[in-house]
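The next block holds one structure in the form of structure tokens; read it before the comments.
The residues of the chain are indexed from 1 along the displayed sequence. Keep in mind that the numbers below use all heavy atoms, side chains included, and drop hydrogens, waters and symmetry copies.
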Amino acid sequence: MHEEPDFFILGKAYITGRVVNAAIGISGEKIVSLTSPGNIPPSARRREYGDGFLVVPGMVDIHVHMREPGLEYKEDWRTGSMAAVKGGVTFVADMPNNKPPANNCNILREKLERAKRKSIVDYAFYAGFNIRPEELSKCKDLYIGGKIYPEDLYSPIVEEFARLIASQNKILVVHAEDPILLKPDAKILHSIARPPKAEKSAVKKTLELALQTGARTHITHISLADSIIEILKAKIAGHPVTLDTAPHYFLLNDSLYTTSRKNIAKVNPPLRSEKDRQTLYIAVNKMLVDAIVTDHAPHLLEEKLGENPPSGFPGLEVALHLLLREILEGRMPIQVLDLYSFRPASLLGINKGCISIGCDADLVVLRKESWEVRPDEFVSKAKYSPFEGAVLRTKTHAVFLRGRTVYEEGEFYEDVRGKFYPLEAPTSYETLQDR
């Protein structure tokens, strides 16, 4: 028997692949009932959203860089988590390329203490590659997976690291680019400096690593059509491998590197050809990727405008709304939202990204409203975007984190604090009752 709800959220909601009129019952931190609005008692506490609103699950971004500790001037857990909330994201998995790297227990503990104090979304961490992997066994509860960067992939210790992650039943995330094939020359186009063959070579190496070690391997921010094809072949063959891509790879192409935005658009891997972009778009449209991520990688604007700008740009505040533009304009099915919510949550084994009984009550209320992307209005410290000037069609109206209001009509409720998430059993959808 389900627990009685403390209050209900009423309105059109995206549940199990379609939009329905629903009353979502919440008790404590969980969703405990799903029914039709007419079935709830007249006296029940409620928040009702009418025409022009849509309730969706909180998005789950499994690839972000919050920068703290060590690089707080670029971003910190407060500004980064506020950017997440404003973009309808209620959970982030943070990468370990801090300064120093979060590849040992001490830095992971420090990161946890800082996130506890500042984050207004829930969070988890990846452990960075360590040449003495056994050191990470002492704090396995502090990370949800391991991360391998290009230089790590070719280390003689990489198999040992992968086997450690596999033994803990955690996910191994790989940035697949072969460092030997990269050309660090600021005078040539970024897409030539990091050529397609570098990603292709590293994808092949990663698939071999997954097969050799049995590690549940996730290849992140794929940028090439050929990479998608190779990974899908491996999946069909039964290899323990999944993949994600990011909005900039299926919405933008490398023509930006010949414009005044070339520094702003610099990212690793780089933006690719129009042919690659179109293929990635189709792969997302057909739900052939396992997740969408932002690779939210903030730097200060002055750094990006320098002679040798760092790679990466912010994405948390726009990613969901970019997807919704494609959905509302009829180019993508609404089920694509699962790639940024339920699917990535399932990869990590957390009870999020779904409007289902037993899931965390992470809910985002969207409002139909056109607006132009103006990076100077971002809450992130990174005030730039390759999507600057894009006209989007939805805004984040309200966000509930485990049943508590964390954002509403432009105001943050900063008394709410996010929670650290260890590994849990994956959940599944439960059918909406009494439609």
Side-chain angles (χ1 to χ4, degrees), residues 59 61 63-65 74-75 79-80 82-89 92 189-191 220-223 244-274 276-278 280-281 283-285 289 291-305 309-332 336-337 339-340 364 366-396:
M59 298 296 114
D61 199 323
H63 190 140
V64 306
H65 301 265
K74 296 175 184 279
E75 193 80 287
T79 58
M82 289 172 70
V85 165
K86 192 177 175 186
V89 176
V92 297
L189 290 182
H190 190 54
S191 51
T220 191
H221 50 44
I222 285 298
S223 69
D244 70 53
T245 191
H248 44 276
Y249 295 119
F250 58 84
L251 295 176
L252 303 174
N253 63 38
D254 62 359
S255 66
L256 279 179
Y257 295 136
T258 63
T259 72
S260 60
R261 292 191 185 179
K262 63 182 181 180
N263 285 14
I264 296 298
K266 185 178 178 183
V267 64
N268 298 337
L271 304 178
R272 300 297 187 185
S273 70
E274 175 60 13
D276 284 307
R277 185 203 70 77
Q278 289 181 10
L280 286 171
Y281 193 98
V284 171
N285 215 342
V289 303
I292 291 170
V293 301
T294 60
D295 188 13
H296 177 81
H299 305 283
L300 295 188
L301 178 59
E302 48 265 41
E303 292 178 306
K304 290 294 283 187
L305 297 180
S311 292
F313 39 74
L316 283 168
E317 292 176 61
V318 297
L320 171 59
H321 299 291
L322 287 165
L323 294 178
L324 286 161
R325 179 190 65 184
E326 301 305 299
I327 292 165
L328 289 172
E329 295 181 1
R331 293 185 290 272
M332 283 187 172
V336 164
L337 292 179
L339 298 177
Y340 196 34
V364 176
L366 301 165
R367 180 178 73 244
K368 282 190 178 180
E369 180 181 332
S370 292
W371 60 288
E372 183 179 312
V373 177
R374 295 177 180 171
D376 60 337
E377 297 177 353
F378 284 177
V379 293
S380 169
K381 293 181 182 180
K383 309 293 185 184
Y384 62 92
S385 172
F387 293 104
E388 182 173 3
V391 177
L392 305 182
R393 298 183 56 178
T394 52
K395 275 196 167 182
T396 304

Is the backbone of V293 close enough, under 3.5 Å, to the side chain of D61 for a donor and an acceptor to pair up by distance?
no
Closest heavy-atom pair and its distance - P270, S223:
O-CB, 3.9 Å
Do side-chain atoms of T396 reach the backbone of K86 as a donor and acceptor pair under 3.5 angstrom?
yes
For T394, which residues count as a side-chain contact (heavy atoms from CB on, under 4.5 Å) partner, sequence neighbours excluded?
H321, L324, L328
With a 6.0 Å cut-off (strictly less than), is the heavy-atom count around NZ of K383, excluding the residue itself, greater than 12?
yes
Which atoms form the tightest heavy-atom contact between I292 and Y340, and what is the distance?
O-CD1, 3.2 Å
Does Y249 use its side chain to pair, donor to acceptor, with the backbone of R272 at less than 3.5 Å?
no
Testing L271, L280, L323, L322 one by one against L251 for a side chain to side chain contact (heavy atoms under 4.5 Å, CB included), which residue passes?
L322
Test applied, side-chain hydrogen bond (donor to acceptor under 3.5 Å, both in side chains); reference residue, E75; option that passes from H65, K381, H296
H296
Contacts of E377 meeting salt bridge (Lys or Arg N to Asp or Glu O under 4.0 Å) (sequence neighbours excluded), chain-then-number -> R374
Check whether E303 reaches the backbone of P310 with its side chain - one donor and one acceptor, N or O, closer than 3.5 Å.
no
Under a plain distance cut-off of 3.5 Å, with no hydrogens placed, do D254 and H190 share a side-chain donor-acceptor pair?
no
N/O donor-acceptor pair under 3.5 Å between K304 side chain and N263 backbone:
yes
Between H248 and F313, what is the ring plane arrangement, given parallel below 30°, perpendicular above 60°, and tilted in between?
perpendicular
Is the side chain of T245 donor-acceptor paired with the backbone N or O of I222 at a distance under 3.5 Å, no angle test?
yes
